[in-house]
Amino acid sequence: MDSAAARTKLLTSPAEFLKYYPINCAGGVAPNQNAANLQQFNINKRDGDMPPIQGAVTGHLGATRPGLFGHQREISSWLIQPGLSVNGATILSAHVVPMVNYDAVDVGILDLQGDVSAMPYFLLDASGDGLMFTGQLSGCCFCWSTHGADLWTTHVRPRTGIAAIALQNRLITGGRFAAAPTDPLRTFGRSEYPGHANVIGVRRAGSWSLYAQLSMDVFATLAGAFKIHPGPITRL
């Protein structure tokens, strides 16, 4: 599968694609709070973005899916990141959900100052090409609520000294968007993934679905894949 085919498969058959093909996502720029943020991304096979795994086929990094008669078939793993495509495929106008800090000062990252009761949101609406990306989760919590056909979302990073599960519990019980102070949030956080996770959104026919991939080896291989919205979290 080449990069253009992977881009098409991710949009048209996301559950099938994300069940087997590891995707390592980098976050993008999202300066507009309470609005949609669109940015160009690219998708490439992971040939050289990390040290090679001994014995792995170039572009595969150890990823597999079931083959005939119980055999495991090696398949490609992918890197999705902002910017123009170089030897890959371009994804135009993807929605971006940035990482924000629970309580820390980092240049270029929004600081909630420990208050999750009146957060800004980042909009997933019907514009763009129907894909959403956010940075990799490694203790962070992805949150969302439904507003008509739109999703309001955010991605919150715990600070040192605040346990990731404690942050998720705080977001479950008291997390709110300032523009919807009575609406509780749904979350995907540390209680659902032990290592790393990617959350990816796909819009088809005006309706958003959210998926999550789990990995213990930074997405060389998968530890599980789930549909997390709409409905309950279900394994693919």
Side-chain angles (χ1 to χ4, degrees), residues 1 3-44 78-85 88-100 119-137 140-156 177 179-180 183 185-188 192 197-214 219 225-236:
M1 183 185 300
S3 297
R7 176 187 58 193
T8 299
K9 193 76 169 178
L10 177 59
L11 183 62
T12 59
S13 303
E16 179 184 353
F17 185 81
L18 294 170
K19 182 176 181 179
Y20 297 116
Y21 292 86
I23 293 179
N24 195 13
C25 290
V29 177
N32 303 313
Q33 298 178 16
N34 306 323
N37 290 263
L38 304 176
Q39 189 176 0
Q40 186 170 264
F41 279 72
N42 65 78
I43 180 169
N44 288 274
W78 302 90
L79 174 67
I80 295 179
Q81 58 188 346
L84 291 169
S85 177
T90 299
I91 300 169
L92 296 173
S93 300
H95 285 70
V96 177
V97 178
M99 181 177 70
V100 303
M119 298 184 291
Y121 64 85
F122 298 90
L123 177 65
L124 305 188
D125 62 16
S127 65
D129 64 357
L131 293 171
M132 178 280 293
F133 303 114
T134 190
Q136 185 182 120
L137 282 65
C140 301
C141 187
F142 190 87
C143 310
W144 70 96
S145 61
T146 304
H147 299 268
D150 299 338
L151 292 183
W152 295 6
T153 66
T154 193
H155 170 167
V156 184
F177 293 126
D183 292 352
L185 305 180
R186 291 191 61 192
T187 68
F188 185 86
E192 284 82 38
N198 280 317
V199 174
I200 297 165
V202 181
R203 181 181 60 82
R204 298 289 293 169
S207 179
W208 282 97
S209 296
L210 299 178
Y211 300 88
Q213 288 189 330
L214 282 59
F219 295 95
F226 299 83
K227 185 175 183 179
I228 64 174
H229 173 85
I233 296 175
T234 54
R235 182 177 285 272
L236 298 181

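Numbers here are sequence positions counted from 1.
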Taking the side chain as everything from C-beta on, heavy atoms only, tell me whether [X] gets closer than 4.5 Å to [Y].
X: Leu123; Y: Asn32; answer: no
X: Tyr21; Y: Lys9; answer: no
X: Leu124; Y: Asp150; answer: no
X: Ile228; Y: Glu192; answer: no
X: Leu151; Y: Tyr121; answer: no
X: Ile23; Y: Leu10; answer: yes
X: Val96; Y: Val29; answer: no
X: Thr146; Y: His229; answer: yes

Quick one: pull up [atom1] in [X] and [atom2] in [Y] and give me the separation to the nearest 0.5 Å.
X: Leu236; Y: Leu18; atom1: CG; atom2: CG; answer: 7.0 Å
X: Asp183; Y: Ser145; atom1: CG; atom2: OG; answer: 6.0 Å
X: Phe188; Y: Phe226; atom1: CZ; atom2: CZ; answer: 7.0 Å
X: Leu210; Y: Phe142; atom1: CG; atom2: CZ; answer: 5.5 Å
X: Gln39; Y: Ile91; atom1: CD; atom2: CD1; answer: 11.5 Å
X: Thr12; Y: Arg204; atom1: OG1; atom2: CZ; answer: 6.0 Å

Identify the heavy atoms of [X] and [Y] that sit nearest to each other, and give their distance.
X: Trp208; Y: Asp125; value: NE1-O, 2.9 Å
X: Cys141; Y: Thr187; value: SG-CB, 3.6 Å
X: Thr90; Y: Ser85; value: OG1-CB, 3.2 Å
X: Pro120; Y: Asn34; value: CA-OD1, 3.5 Å

_Qualifying residues under side chain to side chain contact (heavy atoms under 4.5 Å, CB included), relative to Ala6, sequence neighbours excluded_ =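 Expected list: Met1, Phe17, Ile43, Trp78.
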*Begin with the C-alpha distance, continue with both residues' side-chain angles, and end with the deciding distance and a verdict on side-chain contact (heavy atoms from CB on, under 4.5 Å) for Met119 and Leu185.*
CA-CA 11 Å; Met119 298 184 291; Leu185 305 180; 3.6 Å; yes
*Ile80 and Asn42: CA distance, side-chain angles, deciding distance, side-chain contact (heavy atoms from CB on, under 4.5 Å) verdict*: CA-CA 6 Å; Ile80 295 179; Asn42 65 78; over 6 Å; no
*Which is it for Leu38 and His95 under the side-chain contact (heavy atoms from CB on, under 4.5 Å) test, yes or no, and what are the steps along the way?*
CA-CA 5 Å; Leu38 304 176; His95 285 70; 3.5 Å; yes
_Residues Met99, Leu137; criterion side-chain contact (heavy atoms from CB on, under 4.5 Å); working and verdict_ = CA-CA 9 Å; Met99 181 177 70; Leu137 282 65; over 6 Å; no
*Do the rings of Trp152 and His147 sit parallel, tilted or perpendicular, given the 30° and 60° boundaries?*
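The arrangement is parallel - the two ring planes meet at less than 30°.
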